[in-house]
Structure formats: C-alpha cells, structure tokens
Amino acid sequence: MSIFSGEGNTDTILETLLTYSALEKSAPVQQDADSDDFSSDCEGNFLDDFTDIDSSSDTEEIINPGSDEESKLLYLTKMGYSEAEASVAMERCGPDSSIAELTDFICAAQMAKAADALFPVEDRKPFCNGSNYNKRRNLSYDLWKRKKQMKLEKKLLNEDDDALHLPNPMIGFGVPTEPDLITQRTLPEAAVGPPYFYYENVALAPKGVWSTISRFLYDVEPEFVDSKFFCAAARKRGYVHNLPIENRFPLLPFPPRTIHEAFPLTRKWWPSWDPRTKLNCIQTCTASARLTERIRKALEAYDGEPPLNVQKYVLDECRKWNLVWVGRNKVAPLEADEVEMLLGFPKNHTRGGGMSRTDRYKSLGNSFQVDTVAYHLSVLKDMFPGGINLLSLFSGIGGAEVALHRLGIPLKNVVSVEISEVNRNIVRGWWEQTSQRGTLIDIADVQELNGDRLEQLMSRFGGFDLVVGGSPCNNLAGSNRHHRDGLEGKESSLFFDYCRILDLVRCMQRNQ
DNA sequence: CACAAGATGAGTTTCTCT
DNA sequence: AGAGAAACTCATCTTGTG
C-alpha cells in the first residue's frame, strides 16, 4: 500500500508545500519547537543524536548499518515520525535528499492520507484465497479478532485526539445566549499575531481533517460553533483563529432565533406534529416545486392529522430540504432573500449582478453566518478604532467584510480573493452601495497571490491586520456523494494556499 | 447555452432504548 | 454502558426544457 493513494492532486499539494517551506522559517507542521532550522544544523547533530537512540528497539529491518541512510532514518524517527513514514520518504526522495526534503515529503504524505488515517493497518482479508475448510473454520475467529482490533484502534484514536472532539452543545468558547463562557486561553507561541487570522470550514469533516488543519495553523485549537445559537438555522462550523476571546459582543439587533420569529406568517399553517423550532443547515441546493407538490398531494388525502407514516415522510423531506409551511398542506423552500436574512446579510445582497436563482442559492449556501463571525471578530473594534487592512481569501459574497462593516469597524484596505466572477460583482456592488471610503482590490485566483504580489500590496498598505478565509468545503462536506476526498481533494486542498499566504504575510510583516 | 429539476448515499454524530 | 436507530450534512452529475 502506497502512502499516496494515487489521487492526482497530491503533486500540486506537494508543490504548494515546497514553496511554503522554502520560506526558510519553522514550518507549522513541525512538531519540535526547539529546532528552528534543522536543514542547516542537522548534519552536525546526526552522530550525536545517533548515539543516544536505542536503535535496536523497534527497527524491523536494518539497512546498511552506519550508513548515511540510517542516520537520516534515526533522525527522522527521533523527530517523531514513524519509521514507516521515514523509510517511504527516503525511498521516494532518493539517497541524496536532505532532511528538509524528507520532512516535506512526510508531511505531504501525512496530509494526503489524512482522510484514511483512521485505520492505517493494511487491508486484512481473512479469506481471499479460495474456499478451503480451515479458512472457513477461522472465519468467526478472524471476524472477532478484527472487531476487537477495530475497537482498540478506535479507542486509541479517541484518546489520542479527544481535544478535537466536537463540543456538545457546540458553543465554542461561548455564545451570547448561553451561560458557559471561556474567556481565557493560551495560544501556542507560534500562533500569536500580528496579523490576526481567522479560518473557517465545516465542522463535520472526515476524521483527521481538523487535526491536520489545526496542525498547519500553528496548533491552534479550533473553535466549533453552531450558528443555531445566533440565528434560526443550524450551521456547524469550525474556526481556527488567534483572536482574543475576551469581551466579545454580538451584533444588534439580535436576529430571530426560531423559525416562528423569523417567519411569523408560517405559524398559522404549522402543524402540531412538526416539532421543528430551528432550521437545518442552509445548503447550496434547494427543493423543487414538484417536491412540494408531492407533499401537498400526500397530505390532501386526509382531513385531520395524517397517519404517522405520512407524517414521517413529510417531516423527513422538510428536514432534508429545510421546508417551511406557507399554506394549508403547503410547504415551500426558503426564498433567497429569506436565506440572506438568516445568514445576516442585507436583503437583496445577492440579487442581480448576473446572479441566477441557482447561483444565488449556491453562493449563499457557501457563505459565513454573519452574526457568528461578527461575534468572534468583535474584539477587533476597540483594538483598531481607525480601521483595519483586511486580506480576505475565498471571500465568496463577502461574509467577513459584511460582518466587520456591521460591527462598525472601518475597512481601510481590503484585498479580496475570489474565483467566481459573480461573487466578486456582489462584493464590489456592496462595497459601492455602502459608500466605503477604503480601497477594494479583488483578485480572481489565489495562485496569483505570490510573494511578489503580496510584497507589493503590503508595502502599499503597510501590512494586513487580519487574514480571513473559509477555504472550499466541497471535498469535506457530508452532502458530497462523489468527491468527499478530504483535504487533498481538488478544491479543499486550497486550504494549503491559505496557509501559504498566511505564512508569507506573517513572515514579511515580521521582517519589516 | 443557461437554467432548473431529479437522481445519487456515505460517513459521523447524536439520540434512544434496553 | 453499548448496541442499534435516527438524524444530519457550505454537493455533484445527468437530464430535460426553452
């Protein structure tokens, strides 16, 4: 079994990583904080380190004892990498590879297999070779053994990263409506700004994804928050940021927090057997007219309450498609402007500008919940009374910009990177409509934002105060039947561009 | 071509019931 | 506790229509 599972995107990721590590600073993936630049001084340390390692303990195969290869192997294992990882890396990178190249390779490999890191043992197929009696006799034993092994691994895994378990209730360090509030945390030293950064993605990503994200973002513990504590719709998201968490304040007025408050007219038609008070997560697709018609017909056949099986069918569909009651036996999907309101955007924010109805739902479904994000960003208001310079990656329809604006934090200079032209139009339109006095620069492709371009922008603005980004979730989201490939997926791997750019900004800002 | 509708589960967490 | 059921999820691909 190869560490690279053959998905074509790993090359690109590797490339990104290599440019990223070429910055000659401590890579955030690096586990040992004490070795800042191991590529230059590791050579001298080889033999010293070599002596105090018990080389016979866990080596399965000895390759040329005393050779350069083995020294590297030991060095890597001492750095905390497994022996398997180290030897694969050496095999792939060749005998003359430096330690830096090897660690780069390993971290790319770890990343590439993050999704299936759950059960790293090779496929056990207890009866792969035909059908003899003995094998059949062993079947139940094998199954039992396998089950036991799985249980054990699960247990180990759980104990291993229980720091990344989703909190229940999902309130992160706190939300305005709940009493439990954490106001103190200690950030890893490497994470302390400037600039401040704020990264977002779906909370329910495949296993291992969030620990990878956290590892790449200076080991900052993600804050998992469900936006149902801020509005009438659920939205479970993880946020990794280095902002202070004391003295946060919410946007006012509070948005409606139940379906009935948000849509008072639905109350009249809401059947008693539909217990929902919150909507589910707003997604990118919406129910068709024909589905609502099917539901109407299913209900029409009954005078009073429909039988339980019909209730269940209707409720399941309502939950799946976020339908609300708009008439007798009539359900309907949310209108786009209603979604805008739920997510905290101004009405008609996504209207016009070349947006089709489908586009509108898609852009909204991919966006921030403004009140949630604003609550986290609110701490910036007192710190930057004169306004901030913002670097906004994967801006979408400008959730971060809207949040800061609604908080009353002036936007001095905003560099916004967004691939979709209609989305850029939306943000541009909003920018002009709200009479912003700062400068908005939009860039289509993150790849365009290389060191030179950043240097040019930063010298013009004097650096960035905040780097915001919610990288694509396509390959992480549960709704994706086809390519839920994890962080190495085609779109979701852009996360590593967020890291690359954030790192560049931090590095340049520090050296100015 | 643009747009809309319909078909397409799995992976995880959370709830429920012994 | 723990096994099984239920609930939930920032989606993609193909087809139809104008």
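In the text below, chain A, chain B and the rest are named by the order of the sequence lines, each starting its count at 1. Because only heavy atoms are used, hydrogens play no part in the values below, and waters and symmetry mates are left out as well, while side chains stay in.
- Out of dT14(B), dT12(B), dT12(C), the shortest distance to the side chain of N480(A) is found at dT12(C).
- Rounded to whole Å, atom C1' of dC10(C) lies 12 Å from atom OH of Y199(A).
- Taking the salt bridge (Lys or Arg N to Asp or Glu O under 4.0 Å) definition, one finds that R235(A) meets it with nothing, sequence neighbours left out.
- dT8(B) sits 22 Å from dA7(C) when the P atoms are compared, rounded to a whole Å.
- A centroid separation of less than 6.0 Å is found between the aromatic rings of Y199(A) and F495(A).
- Rounded to whole Å, atom C1' of dA5(C) lies 17 Å from atom CG of L315(A).
- Residues meeting the ring pair (Phe, Tyr, Trp, His ring centres under 6.0 Å) test with H260(A), sequence neighbours left out: W270(A).
- Comparing D316(A) and I282(A) against DNA chain C, the residue whose closest nucleotide sits nearer the 5' end is D316(A).
- Not counting sequence neighbours, the partners of D316(A) by the side chain to side chain contact (heavy atoms under 4.5 Å, CB included) test are K312(A).
- When the P atom of dC8(C) is taken as reference, atom CZ of R237(A) falls 15 Å away, rounded to whole Å.
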Secondary-structure string, 5' to 3', Watson-Crick or G-U under 3.5 Å, | for another-strand partners, for DNA chain B = ||||||||.|||||||||

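- Between L166(A) atom CG and dG11(B) atom P there is a gap of 18 Å when expressed in whole angstrom units.
- Protein atom CG of D226(A) is 20 Å distant from nucleotide atom P of dT12(B), rounded to whole Å.
- Nucleic acid contact class of R319(A) (heavy atoms, under 4.0 Å, all strands): sugar-phosphate only.
- Pairs passing the side chain to side chain donor-acceptor pair (under 3.5 Å) check and including a residue from residues 363-373 of chain A, sequence neighbours excluded, read S227(A)-T372(A), S363(A)-N423(A), Q369(A)-D371(A), Q369(A)-T372(A).
- In this structure, N280(A) places its CG atom 13 Å from C1' of dC10(C), rounding to the nearest Å.
- Note on R351(A) versus E340(A): no salt bridge recorded, every NZ/NE/NH1/NH2 to OD/OE distance being 4.0 Å or above.
- Not a single side chain to side chain contact (heavy atoms under 4.5 Å, CB included) links L265(A) to another residue, sequence neighbours left out.
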Donor-acceptor pairs are to be reported for all side-chain atoms of residues 321-336 of chain A against protein atoms at under 3.5 Å, with residues two or more places apart or in another chain.
| residue | atom | partner | partner atom | Å |
| --- | --- | --- | --- | --- |
| N322(A) | OD1 | N280(A) | N | 2.8 |
| N322(A) | ND2 | N280(A) | O | 2.8 |
| N322(A) | ND2 | C281(A) | O | 3.2 |
| W325(A) | NE1 | D274(A) | OD2 | 2.8 |

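- Among residues two or more places apart in sequence or in another chain, the ring pair (Phe, Tyr, Trp, His ring centres under 6.0 Å) test is passed with Y239(A) by Y198(A), H376(A).
- With sequence neighbours excluded, the residues satisfying side chain to side chain contact (heavy atoms under 4.5 Å, CB included) with P244(A) are Y196(A), V379(A), M383(A).
- Here dT13(B) presents its C1' atom at 16 Å from CH2 of W210(A), a figure rounded to the nearest Å.
- At whole-Å resolution of the value, CZ in F224(A) and P in dT9(C) are 16 Å apart.
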Please list every donor-acceptor pair under 3.5 Å in which a side-chain atom of residues 401-410 of chain A meets a protein atom from a residue at least two apart or in another chain.
| residue | atom | partner | partner atom | Å |
| --- | --- | --- | --- | --- |
| E401(A) | OE2 | S392(A) | OG | 3.1 |
| H405(A) | ND1 | Q436(A) | NE2 | 3.1 |
| R406(A) | NH1 | G344(A) | O | 3.0 |

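- No salt bridge links R257(A) with E261(A); every basic N to acidic carboxylate O contact stays at or beyond 4.0 Å.
- Contacts of C281(A) with the nucleic acid, taken as non-hydrogen atoms under 4.0 Å apart, involve only primed sugar atoms and P, OP1 or OP2.
- A close approach under 4.0 Å does not occur between any side-chain nitrogen or oxygen of K312(A) and OP1 or OP2 of dA5(C).
- The stretch residues 331-338 of chain A does not touch DNA chain C, since none of its heavy atoms comes less than 4.0 Å from the strand.
- Two residues are said to be in side-chain contact when any heavy atoms from C-beta on lie closer than 4.5 Å; R237(A) and V202(A) meet this criterion.
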Between protein and nucleotides 2-8 of chain B, map the contacts as a letter string: B base, S sugar-phosphate only, - none, heavy atoms under 4.0 Å, written 5' to 3'.
-> -SSSS-B

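- Closest to the side chain of H483(A), out of dT12(B), dC13(C), dC10(C), is dC13(C).
- Checking the phosphate oxygens (OP1, OP2) of dT9(C), no side-chain nitrogen or oxygen of N322(A) falls inside 4.0 Å.
- A distance of about 16 Å separates the C1' atoms of dG9(B) and dA6(C), rounded to the whole Å.
- Between Q283(A) and dC10(C) there is no side-chain polar atom (N or O) within less than 4.0 angstrom of OP1 or OP2.
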